[in-house]
Amino acid sequence: MKNLLVTISEKNYLSITKQFLNNVLKKGFWQDDVMLITTESMNENSLKWFYDNEIIVKKYPYYFSKEKWYSMLPDGVKHPIVCSKIYLFNIEFKKWKKILYLDSDTIIRGSLEQMPQIETFGAVRNANNPFLHRHFEYHNNKNKDLYHKLSNDFNLFSPAFNAGVFCFDTAIINEGLVRKFDSLFNKFSTISTFSEQSILNLMFSEKWEKLPTYYNYDVNRNMIYHNINPKKINAKILHFNGKMKPWDKDSYFYDEWNQKRGEVRLGHEAKRNYEIKFSNKKSLGFELYSILKKITSFKIRFFISYVLANYFPEIYKYIKSVIGKNTDKTIS
């Protein structure tokens, strides 16, 4: 049985997805099957490059209709295409041994062959929101009871992962898995700050394997909040959460992202001379550098806010509400 690498895209993102897969494949970082999941309405002509490069294309309807997606979830959620990754847990995907999912706003710098060694469901801990309770929030008393029900059903201080990169063994797929996601979505979507990611964290709560940070390194957060030098970043997968993207021409990573397209050659003959070498010594050095940068970047006020938000959320919410009321009085 082969392994499968998957990404998703809708029409406005297709050229970016094409560049992402081209970068992975021409460098020989993945040798098994590759799949693009897209929408039913995608024009066949726009998919020619994918077919020509032996990429499997699957067209699905939006997992939830746009009406349901935007009406049930909090304001500001991402496009409903992001939920198409849930199709990966359908029985039809058991034909592959392991499945590796990657968002296409990532840069891959080395072979991905080690990742499918995961035995269940594996992901990297979320850098910005490391605990489960940070993935759910009620903005008024309307959903307060629902949040309390969530806290009774789940340990909200269990670790939480980022769903932009994950890998799983298809042995975990069964007919009840997708039904479980649907049930959790219908129950808790109104307080799910990060849409499908929040629900996936419930689905695999305390049952997932932690992957090393260098398989999903949060570039934006570490550069903006901790002043990490981009030249020193030593990670196999760079993930650009947030507004700064590698295809922006003013991005430090633009040249690395925008390499000449040229012909993709699949298979074991693909050259590996592009790969950035990783060693335990280099990784350890970068980890120590990152820790020191984070410590020096923590201002007292920010540090107190971080501790309160992550470890004492109720107190944090109360302080924020008091500050908000005082601000309103001052303005009036």
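None of the values given here were measured: they were computed from a predicted structure.
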Task: Inter-residue atom distance Phe154.CZ - His133.NE2, 0.5 Å rounding - done: 15.5 Å
Task: Nearest heavy-atom neighbours spanning Asn310 and Pro130 - done: OD1-CD, 3.5 Å
Open item on the list: Rounded to the nearest 0.5 Å, what separates atom CD1 in Ile191 from atom CG in Leu73?
Closed with: 11.0 Å
- [ ] Please determine which of Leu102, Asp105, Val219 meets the side-chain contact (heavy atoms from CB on, under 4.5 Å) test together with His239.
- [x] Asp105
- [ ] Compare all side-chain heavy atoms of Val6 with those of Ile56 and state whether any distance is below 4.5 angstrom.
- [x] no
Task: Leu100 and Asn3, any side-chain heavy atoms less than 4.5 Å apart - done: no
Task: Distance, nearest 0.5 Å, that separates CG of Asn22 from CH2 of Trp49 - done: 5.0 Å
Task: Shortest non-hydrogen contact from Pro61 toward Tyr87 - done: O-OH, 2.7 Å
Task: Plane angle bin for Phe89 and Phe121 - parallel if under 30°, tilted between 30 and 60°, otherwise perpendicular - done: tilted
Open item on the list: A cation-pi test, strictly: NZ or CZ of Arg125 under 6.0 Å from the centre of the six-membered ring of Phe131 and no more than 45 degrees from its axis. Yes or no?
Closed with: yes
Open item on the list: Between Lys78 and Glu196 (salt bridge meaning N to carboxylate O under 4.0 Å), is one present in this structure?
Closed with: no
Open item on the list: I'd like to know whether the aromatic ring centres of Tyr62 and His79 sit less than 6.0 Å apart in this structure.
Closed with: yes
- [ ] Anything under 30° is parallel, anything over 60° is perpendicular, the rest tilted; go ahead and classify Phe188 against Phe136.
- [x] perpendicular
- [ ] Could you pull out the closest heavy-atom pair between Thr193 and Glu137, with the gap in Å?
- [x] OG1-N, 3.5 Å
- [ ] Report yes if the distance between the aromatic ring centroids of Tyr13 and Trp247 is under 6.0 Å, otherwise no.
- [x] yes
TODO: Measure the shortest side-chain to side-chain distance between Leu14 and Lys18 over non-hydrogen atoms and say whether it is less than 4.5 angstrom.
DONE: no
Task: 4.5 Å side-chain heavy-atom contact, Phe204 and Thr120 - done: no
